Trainee: 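If you scroll down you'll find the structure; I have some questions about it.
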Amino acid sequence: MASYDFKKAEKKWQTIWEEEGTFNAKQDFSLPKFYCLVEFPYPSGQGLHVGHPRSYTALDVVARKKRLQGYNVLYPMGWDAFGLPTENFAIQNKIHPEKVTRDNIARFKEQLQSLGFSFDWSREVNTTDPSYYKWTQWIFLKLFEKGLAYKTEMAVNWCVSCKCVLANEEVVNGVCERCGSEVVRKVKSQWMLKITEYAQRLDDDLDELDFIERVKLQQHNWIGRSTGAEVDFATSTGDNIKVYTTRPDTLFGATYMVISPEHDLVKKWADIIENMDEVDAYVDAASRKSDFERAEVNKDKTGVKLQGVFAVNPVNNEEIPIFIADYVLVSYGTGAIMAVPGHDERDWEFAKKFELPIVEVVKGGDIEKEAYVDCDSGLMVNSGFLDGLNVEDAIKKMTEWLEEQGKGYAKVNFKLRDWVFSRQRYWGEPIPIVCCDKCGFVPLPESELPLTLPMVSSYEPTDDGESPLAKLTDWVNTSCPKCGGPAMRETDTMPQWAGSSWYFLRYCDPHNDEALASKEALEYWTPVDWYNGGMEHTTLHLLYSRFWHKFLYDIGVVPTPEPYAKRTSHGMILGENGEKMSKSRGNVVNPDEIVDEYGADTMRLYEVFIGDFEKAAPWNSSSIRGCKRFVDRVWALQDICLDGENYRPQLETDMHKTIKKVTLDIDALKGNTAIAAMMSLTNRFYEVGSVNKAEYRDFLLVLNPFAPHLTEEVWEKMAFGGKVSQQNWPQYYEEKCLEETIEIAVQVNGRVRSKLTVAADIESRDAIELAKADERVGQFTAGKEIIKELYIKGKLVNIVVK
RNA sequence: GCGGGUAUGGUGGAAUUGGCAGACACGUUGGAUUUAGGAUCCAAUGGCCGUGAGGCUAUGCAGGUUCAAGUCCUGUUACCCGCACCA
């Protein structure tokens, strides 16, 4: 037998699959369906690195197995192609981003196809294609129509290098998530999406979903729900200060108030505040700090007392001072707090510094030394009608009291902010809105979609914060769709996250020009049964797309309230040195070279075999050889293949056990141990000295999802009939997975002293008798008193002696 | 600071959830084959002691529960990730 010519075989089968459309999802909606999805890549200039194929392979294995199990599988692929890196590359090299995108996609596609993924290429989507982004714009207009898209002037995160605003989700540790540059505050008029309107549902509905826990947790934390109360504090000026607190029980301990420097009352009180100079200086200093500086946790608390005004604590009518301080954020709650220094660390620190009274209202701590914060076990004191209650009851009673008195009410708050949706860059979807002096913001009529991105030769970002599109006066100046008068187009574009927020819907019906997808296709295919993607998208793409999907559900476009039934996440493939793979570290492994040297199947096997799917794993160019050997050994089984229509007795259990293991492991994303089991079975064939046709056939079937080219090629060479892709997944029988005789360990005082081969169904009593009769066991029990003896079925006997 | 996670041979990693730790691989060593290299095949391979049979020891560290602990409990260390003055 000639050795396996993987290059020839892989090319051959890839061509067949492409010509036949072997893996295209079927239009027959009566079949059981399985929608299997991986995040579509951003087609960067560097091409794929060996990290990309990890999740593609894992879900390709799932998709291929599901097909063999009779499901109509949708496993699509596409391109998330708008975005800054492409635009920056285009600017640097003076090539239009449209061409850069086209070239990058061509390269990515070729690389993906060389790995033999079973994607349905007939459904390929591209977010930069006008026939695609027509529907991205359409969804935006629906959001606008329902009041969920609005434009407002606000302080935003501005990346100095990208010359573009960023969403909160795109700012990581005060720097730009993408380029690592400084992020400063800038007041700008921005399009916003009201994701906050969906905060409660995005949070609640997580519980019903089959998402891995760390994803749920991260989304819960990001949404940041808290329950408490809003309370009104009267002031000496007749104004109200509304505060949000999670601890209404501690209201009797509120000895001062703090409002943020940006709070409206500061300006309103300009004439009343006696030390306005000092206050102005503080406000000014705060405004010049970056968010990052302001958020620095361990810095000293600063602030200024507002002279000439005071507030009144609504529960005891005591007059309390009002401060401004930048530790109170204007963007959360009401931008004002009641300070309870006895039971809040920040307030305690502030009170110590400004020598303000600290009152204990929950007993149990030592408020002289530190704030008593985690006081669930304490009882209320110095708190009038709350005295003697525990914290939980006190919160309830105080909230009731506030509501009765009309001084406050229960309130749920979220950390989640609305989504800053406009970008001052060229390579994105134009926002289909015109601004008319008479009519305000007017949406383009649906018939004018898509509003295409004008093809221009100059699209550099500007320093003044305007979109490059603003310079195209011919394009900008238009007429109002409503009144026909002169109007101007919106010149900002959508963020990269727009196109990816709904792409999984388009796959269901990608060529539809009447709707983003037909009702029937959506009814059949959604929700996505299994979605895998990176943890870095948890609070970005994953949250955004859940939001859009819920909105589309509310307006009757999609049939399910959630887009994804199941979400898993892969660990990163690291460089050989254990560090993150990157060009600057020089540890990038190019999959093309691996495919060239070892073949796609070896590459696929190694990607799965490398380790626990959820954990990061370092690439190792030696280890991959083990997978290559495995491929060659499977090929060479042809030399020792005997006739035989049934499993041979000495291999029957091995066959059933392996099929079972592979079947279950694939669904549990434990392909690494599935491959180990198949390696063991191969070793077993060689140990026996032969395989027979029945065994070889079924072995090839379970190996097929991992090594599709090899298995098809062997199948054909062996003339097993048809193709592997047309077969059924082999069955295993539970009862045939059990050995008739088993080896059990015999322990004395928990240490293994001997082994016995016994019938699998041996009675406990018999096993113990046999164990005690064992010579070696006797040496350890002789002359000692047996205190206890037990048999753990199928495992061991333990004899405890003294 | 808060929340979550991880820690097992020289390496990647297994361990049916409390039941023989180290499956499966990589690497290494020895052997076979080969003109040679490569490839392939066979054997050994956690550590310590022992010629040997075998014994002891071992899952970051320290305790505990149990006939039995990588797995459960208490404490502790290191690293990774997320959030970060969110009232």
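Convention: sequence-line order gives letters A, B, ...; per-chain numbering from 1. In this text the structure is predicted, and so the values were computed from the model without any measurement. These numbers come from the heavy atoms of this one structure, side chains and all, not from hydrogens, waters or symmetry mates.
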Trainee: Can you see whether A:F706 has A:R604 sitting over its ring - NZ or CZ less than 6.0 Å from the centre and within 45° of the normal?
Mentor: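 Not flagged: A:R604 not positioned over aromatic ring of A:F706.
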
Trainee: Is A:K7 paired with A:D596 through a side-chain N to carboxylate O contact shorter than 4.0 Å?
Mentor: yes

Trainee: If the P atom of B:C48 is compared with that of B:A58, how far apart are they to the nearest Å?
Mentor: 15 Å

Trainee: Is the backbone N or O of A:V215 less than 3.5 Å from a side-chain atom of A:Q218, with the two atoms forming a donor-acceptor pair by type?
Mentor: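 No; judged by distance alone, with no hydrogens or angles, the pair does not exist.
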
Trainee: Using a 4.0 Å heavy-atom cut-off, does A:S226 contact any base of the nucleic acid, only the sugar-phosphate backbone, or nothing at all?
Mentor: sugar-phosphate

Trainee: Taking the ring of A:Y606 and the ring of A:W619, is the distance between their centroids below 6.0 Å?
Mentor: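 So the answer is yes for these two rings.
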
Trainee: How many whole angstroms separate atom CG of A:D374 from atom P of B:C2?
Mentor: 9 Å

Trainee: Report the distance from atom CE of A:M338 to atom P of B:A87, rounded to the nearest whole Å.
Mentor: 12 Å

Trainee: Polar-atom pairs under 3.5 Å, protein N or O versus N or O of nucleotides 3-5 of chain B: list them with distances, or write none.
Mentor:
none

Trainee: Quick check: does any side chain N or O of A:R546 sit under 3.5 Å from a backbone N or O of A:L202, one acting as donor and the other as acceptor?
Mentor: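 Side chain of A:R546 to backbone of A:L202: a pair is present.
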
Trainee: On a whole-Å scale, what distance lies between the P atoms belonging to B:U16 and B:G22?
Mentor: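 Their P atoms lie roughly 13 Å apart.
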
Trainee: Could you run down nucleotides 13-29 of chain B 5' to 3' and tag each one B, S or - for protein heavy-atom contact under 4.0 Å?
Mentor: SS-B--BB--BBSSS--

Trainee: As a check on the pairing definition, encode RNA chain B in dot-bracket form, counting Watson-Crick and G-U wobble pairs whose two distances are under 3.5 Å, and using | for partners outside this strand.
Mentor: (((((((..(((......[....)))((((((.......))))))((((....))))..(((((..]....))))))))))))....

Trainee: For B:A87, take OP1 and OP2 only and decide whether either is under 4.0 Å from a side-chain N or O of A:Y327.
Mentor: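 Result: no.
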
Trainee: As a test of the definition: with a 90° window around 0 for syn, would you call B:U17 syn or anti?
Mentor: syn

Trainee: Can you tell me, in whole Å, how much space there is between the C1' of B:G5 and that of B:G9?
Mentor: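 Going atom to atom, C1' in each nucleotide, I get 24 Å.
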
Trainee: Determine the interatomic distance between C1' on B:G1 and the same-named atom on B:A69; round to the nearest Å.
Mentor: 34 Å

Trainee: Do A:E349 and A:K301 sit within salt-bridge range, that is, some charged N less than 4.0 Å from a carboxylate O?
Mentor: yes

Trainee: Of A:F414 and A:V171, whose nearest nucleotide on RNA chain B comes first from the 5' end?
Mentor: A:V171

Trainee: Heavy atoms only, 4.0 Å cut-off, all strands: where does A:F780 land among base, sugar-phosphate and nothing?
Mentor: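 It contacts sugar-phosphate atoms only.
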
Trainee: Under 3.5 Å, is there a donor-acceptor pair between the side chain of A:N587 and the main chain of A:S582?
Mentor: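 Yes, the answer is positive, given that a donor and an acceptor are paired below the 3.5 Å cut-off.
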
Trainee: Atom CD of A:E349 and atom P of B:G1: how far apart are they, to the nearest Å?
Mentor: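 Atom CD in A:E349 sits about 14 Å away from atom P in B:G1.
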
Trainee: Apply salt bridge (charged side-chain N to carboxylate O under 4.0 Å, His left out) to residues A:E614 and A:R567 and explain how you reach the verdict.
Mentor: CA-CA 12 Å; A:E614 294 209 6; A:R567 169 79 177 191; over 6 Å; no

Trainee: Only one of A:L251, A:N313, A:D344 clears side-chain contact (heavy atoms from CB on, under 4.5 Å) with A:M338; which?
Mentor: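 Going through the options one by one, the only one that passes is A:L251.
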
Trainee: So, does A:T673 use its side chain to make a donor-acceptor pair with the main chain of A:K670 at under 3.5 Å?
Mentor: yes

Trainee: Would A:R225 and A:D203 pass as an ion pair if we require N to O under 4.0 Å?
Mentor: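 Yes, A:R225 and A:D203 are salt-bridged.
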
Trainee: Check whether the ring centres of A:F350 and A:F323 lie less than 6.0 Å apart, and answer yes or no.
Mentor: yes

Trainee: Would you indicate what A:V328 reaches in the nucleic acid, counting non-hydrogen atoms under 4.0 angstrom: base, sugar-phosphate, or nothing?
Mentor: base

Trainee: Taking atom P in both B:G30 and B:C67, what distance in whole Å separates the two?
Mentor: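 Rounded to whole Å, the distance is 49 Å.
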
